[in-house]
Every structure is written in C-alpha cells, then in structure tokens.
Amino acid sequence: MQIDIITCVPALLDSPFSHSILQRAQDKGIVKVQVHNLREYAVNKHGQVDDYAFGGGAGMVLMLEPIVRCIESLQSRREYSEIIYMSPDGELLDQKMANRLSLLKNIIILCGHYKGVDERVREHLITREISIGNYVLSGGELAAAVLADSIIRLIPGVLSNETSALSDSFQDDLVAPPVYTRPAEFNGWKVPEVLLSGNQKLIDEWREEQSVARTEERRPGLLTS
Ligand code: ADE
C-alpha cells in the first residue's frame, strides 16, 4: 500500500512514521508513506499556497491550483482508490472504516490548514472526507497521522503476531480485556488468579467475560450498534 500525504507543514509528520510499528512496516516494504510539501506546487516563487477568502472573513484558505497540481502529479505515477480530505465535518473514523481502508492499494490524504481548502477541491477531487472526532484541530496533519496509523497496523504482516490486531478493542464491537505483566503481586495488588492458572480455556473465557462486562460498563453503545 502507498499512502501519500499532502500538507503545507510537512515537519508535523516527521515523527509519527519514523518509529516503532509504522517505521518497521515501511522497512519491511509493506507500506510506503510519502509526505508531499504543498509549497513545492506553490503559485509563485514565494511559496504561496493560501489566499484570503472571497467574501471576506478571518483566516486564509488553501488555494486550488497547488493542490490540483500535486494530486495530478501523484496520479500520473499510480492509480488511487481514494483521495481523502481530513476535516472535522467528515465521516467519523471508526475501526470498521480503518479495516476497509486497510484493504486498499493506494490512497492520498490531503491535510487542510488555516480555514480549510477551496471548496472546489472538495467538490471535484476529493472522494471521501474523514474526521477523527468532534473537535477542531489546528490542521489535518495530526488527524492524517491518526488515520494512517489506524490503517497501517491492520495490513497483514505489519504486526508480528497478526492476531494481536484482531484482538484489539473494537474489532468485534467489544473493548479489549485488561492485561497484566510481572510482578504477579505488587504492594498487595494482585493479578487475577485465573491468568496465572496456565489453563488457556479458562483464561480465554475470563477475557471474553471481561470484554463484555467492560463494554457494557464503558461503551454500551457498541453492543447495540
Ligand atoms: N482537521 C481539523 N480538525 C479535524 C478533525 N477533528 N478531524 C479531521 N481533520 C481535522
């Protein structure tokens, strides 16, 4: 899978893809993440990519032309299944959406900044708009990193033990059960006896019960959705 992220603040995306699971996924050649600086497609030599909004109002708007040029340049190299715009008014990201997106071959993610992008980009180029939550971030970059992370970890081969993504919270509309590690007792705080029993059947049953109980307590909406 190739994920191309378009932004006017590429430095914001330096770190998220340079460590741990996401770095290893790229090292293994399972995914390629490329961050593209919109300023390289600027309308003039000053690197201009934004302008005042027609009709007035506070805040700058990302211009149409640099975005069109950047997307067309990417499309001349490969085909894309989705061109996603990160926006607080987009479809809310959830695990099901991440699962579906992880099956795609190539995607572009466009990050807005300032007041957003010229609406014609959304009308004519964007195939999907995604929000990571009902709050407003300063730009789409952190949201793009969240989206890409949620997708990449689901691609087969990325996690060393593939079942570990399958047992994540939300995969079967349940939250994950609690986990413990050594020491088995600290300050009198004990690990549940069953986890030390060595009886895998009992352990699996206990985990299932805990998942259901936790979901009822913390996220009852998941059980009815
Ligand atoms: N850009 C700004 N806020 C955002 C959000 N909540 N989700 C996606 N993109 C955004």
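Start at 1 with the first residue, then count along the sequence. Every number for a ligand or one of its atoms is a count from 1 in the order of the listing. No experiment lies behind these values; they were computed from the predicted model shown.
Counting heavy atoms from C-beta on, the side chains of T7 and L12 never come closer than 4.5 Å. At least one side-chain heavy atom of V49 sits under 4.5 Å from a side-chain heavy atom of L62. Taking the side chain as every heavy atom from C-beta outward, Y80 and L74 approach each other to under 4.5 Å.
An N or O contact shorter than 3.5 Å links G133 to ligand 1 by distance. Any N or O atom pair closer than 3.5 Å counts here, and L137 shares at least one such pair with ligand 1.
R39 contributes a side-chain N or O that, together with a main-chain N or O of G47, makes up a donor-acceptor pair within less than 3.5 Å.
Summary of contacts: the protein heavy atom closest to atom 6 (N) of ligand 1 is Y135 O, 2.8 Å. With hydrogens left out, the protein atom closest to atom 10 (C) of ligand 1 is P88 CD, 3.6 Å, a heavy atom. Of the protein's heavy atoms, I132 N, 3.0 Å lies nearest to atom 7 (N) of ligand 1.
For atom 9 (N) of ligand 1, the candidate residues are S87, G116, S138; the nearest heavy-atom contact is made by S87.
If you number the atoms of ligand 1 from 1 as listed, the ones under 4.0 Å from a heavy atom of I130 come out as 8 (C). Atoms of ligand 1 lying under 4.0 Å from any heavy atom of G139, numbered from 1 in the order shown and given with element: 1 (N), 2 (C).
Ion pairing of D118 with R120 is present here, as a side-chain N (NZ or NE/NH1/NH2) and a carboxylate O approach within less than 4.0 Å.
L137 and I130 fall within the same hydrophobic cluster, where Ile, Leu, Val, Met, Phe, Trp and Tyr residues are linked whenever their side-chain heavy atoms come under 4.5 Å apart, directly or through other members.
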